[in-house]
Protein chains: 2
Amino acid sequence: MQALILASRAFVGMTARSLAAAEEEVTLPQFRTLVVLAVRGPQRGVDIAEELRINPSTGTRMLDRLARKGLVRRTRSASDRRVVRLRLTPAGQELVDQVLTRRREELERLVEATAELWRPEVTRALTAFAEAAGEVSERDWWLGWTEHQDDEG
Amino acid sequence: MQALILASRAFVGMTARSLAAAEEEVTLPQFRTLVVLAVRGPQRGVDIAEELRINPSTGTRMLDRLARKGLVRRTRSASDRRVVRLRLTPAGQELVDQVLTRRREELERLVEATAELWRPEVTRALTAFAEAAGEVSERDWWLGWTEHQDDEG
DNA sequence: ACGCAAACATTGCACAATGCAAGAATGGTC
DNA sequence: GACCATTCTTGCATTGTGCAATGTTTGCGT
């Protein structure tokens with residue numbers, strides 16, 4: 001169990017490091033917003049807010065900031081003029097791509113370095129543990145980190 | 001590797017749930033501050049700030065709020081009148097105790113439920129993984145969660 | 001003893017993130 | 001057409017955050 005805690009921590013640390021690249025351009029909540037748009041495609045404001053579990057008003061202002069930075073674009077829907085359609089600009093897409101690519105590379109490197117560890121009995125044990133520990137939703141998972149999930153020190 | 005991701009997620013979800021009890025009284029950063037005081041004992045403001053990796057000014061105001069809630073107490077040091085000594089009030093101590101106790105119980109329940117999983121080869125694999133993934137500092141670990149590390153959905 | 005630099009806490013300022021409540025615009029229904 | 005629901009936005013309040021400046025105190029060197 002202690003070993004699992006250690007391993008979880010290491011895994012999380014790696015995820016946090018792969019995010020560091022983006023933190024000069026956007027904050028973590030802003031990046032999460034971008035990821036929603038990258039993963040789900042153009043969305044309505046209300047859908048983004050729901051996805052991120054934030055109040056729509058918070059979403060509006062988050063998107064204000066992202067639009068100001070040139071990372072998302074707002075367009076009023078013609079079919080339903082209440083809704084605002086949000087989508088990534090090329091710059092926003094690129095930012096997300098960079099982080100996701102980096103993360104994937106880190107993960108691949110790690111998989112390669114530890115391939116021999118993942119024997120069936122190990123993965124069986126982890127899966128059983130996950131079941132015993134209970135369910136956590138798929139979404140939100142890797143997005144839910146604070147800036148302070150870092151190393152140093 | 002996928003299994004480890006799952007297990008990590010489950011573990012984190014459990015941690016987040018054990019924090020939920022406190023979230024009606026204090027925010028997560030506030031709770032982290034309380035934990036520092038609980039774990040390290042009475043501290044100077046500057047030490048708390050360093051421990052939490054925040055600016056001292058942020059710490060001052062965080063402690064303002066906690067003092068207003070009656071969870072910490074400030075006393076000017078007599079030996080060095082520059083420093084302010086912070087310590088938990090009984091209410092603050094109790095709040096931390098509640099959460100930590102709950103977390104410990106959850107962990108014990110989980111250990112018990114999964115005891116047979118933790119064979120030597122499993123823990124060996126996890127430890128090796130942690131080493132390969134790189135180091136993350138001991139402190140900050142379980143404190144570094146946002147409120148959004150929840151389930152539902 | 002004096003002065004000066006360092007240490008510590010705080011305050012001022014700016015900004016991001018957040019929720020609730022209210023409002024404006026639009027769409028759909030009866 | 002009246003009414004209600006949906007969608008977004010704005011106003012207001014609060015927390016969390018950092019940087020810069022300030023005030024107080026300490027310690028050191030001369």
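Just so we're clear, the structure is a prediction, and the values are computed from it rather than from any experiment. Here is the naming used below: chain letters follow the sequence lines, and residue numbers restart at 1 for every chain.
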Find the distance [X]:[atom1] to [N]:[atom2] and express it as a whole number of Å.
X        : N       : atom1 : atom2 : value
Ile48(B) : dC8(C)  : CD1   : P     : 13 Å
Leu52(B) : dT15(D) : CG    : P     : 17 Å
Gln30(B) : dT17(D) : CD    : P     : 10 Å
Gln43(B) : dA9(C)  : CD    : C1'   : 15 Å
Met62(A) : dC15(C) : CE    : P     : 17 Å
Arg44(B) : dT10(C) : CZ    : C1'   : 16 Å
Arg65(A) : dA14(C) : CZ    : P     : 17 Å
Asp64(B) : dA9(C)  : CG    : P     : 13 Å

Inset, instruction - With the side chain counted from C-beta on, respond yes when Val84(A) and Arg76(A) share a heavy-atom pair under 4.5 Å apart, and no when they do not. - result: yes

Inset, instruction - Using a 4.5 Å cut-off on heavy atoms from C-beta on, say whether the side chain of Arg104(B) contacts that of Leu100(B). - result: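 No, side chains not in contact.
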
Checking [X] now: which residues fulfil side chain to side chain contact (heavy atoms under 4.5 Å, CB included) with it, not counting sequence neighbours?
X         : value
Asn55(A)  : Ser57(A), Thr58(A)
Arg109(B) : Glu106(B)
Arg81(A)  : none

Inset, instruction - Under the side-chain contact (heavy atoms from CB on, under 4.5 Å) rule, what do Leu37(B) and Arg87(B) come out as? Steps first, then yes or no, please. - result: CA-CA 6 Å; Leu37(B) 285 171; Arg87(B) 59 181 223 274; 5.5 Å; no

Inset, instruction - Taking only the side-chain nitrogens and oxygens of Arg32(A), find out if one of them lies under 4.0 Å from OP1 or OP2 of dA16(C). - result: no

Legend entry - Short side-chain N/O contact to dT15(D) OP1/OP2 from Arg68(B), under 4.0 Å: yes

Inset, instruction - Select base, sugar-phosphate, or nothing to describe what Arg74(B) touches, counting heavy atoms under 4.0 Å on all strands. - result: sugar-phosphate

Atom pairs under 3.5 Å: protein N/O with N/O of nucleotides 19-22 of chain D:
unit_1  : atom_1 : unit_2   : atom_2 : d
dC19(D) : N4     : Ser57(B) : OG     : 2.6

Inset, instruction - Please list all pairs passing the ring pair (Phe, Tyr, Trp, His ring centres under 6.0 Å) test where one or both residues lie in residues 66-123 of chain A, with sequence neighbours left out. - result: Trp118(A)-Phe129(B)

Legend entry - Salt bridge flag under 4.0 Å for residues Asp64(B) and Arg74(B):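 Salt bridge between Asp64(B) and Arg74(B), a charged N being under 4.0 Å from a carboxylate O: yes.
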
Below 3.5 Å is the cut-off: list the nitrogen or oxygen pairs between protein and nucleotides 26-29 of chain C, distance only.
unit_1  : atom_1 : unit_2   : atom_2 : d
dT26(C) : OP1    : Arg81(A) : NH2    : 3.4
dG27(C) : OP1    : Arg81(A) : N      : 3.1

Inset, instruction - Could you tell me whether a side-chain N or O of Lys69(A) sits under 3.5 Å from a main-chain N or O of Glu25(A), the two making a donor and an acceptor? - result: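 Side chain of Lys69(A) to backbone of Glu25(A), a donor-acceptor pair under 3.5 Å: yes, one is there.
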
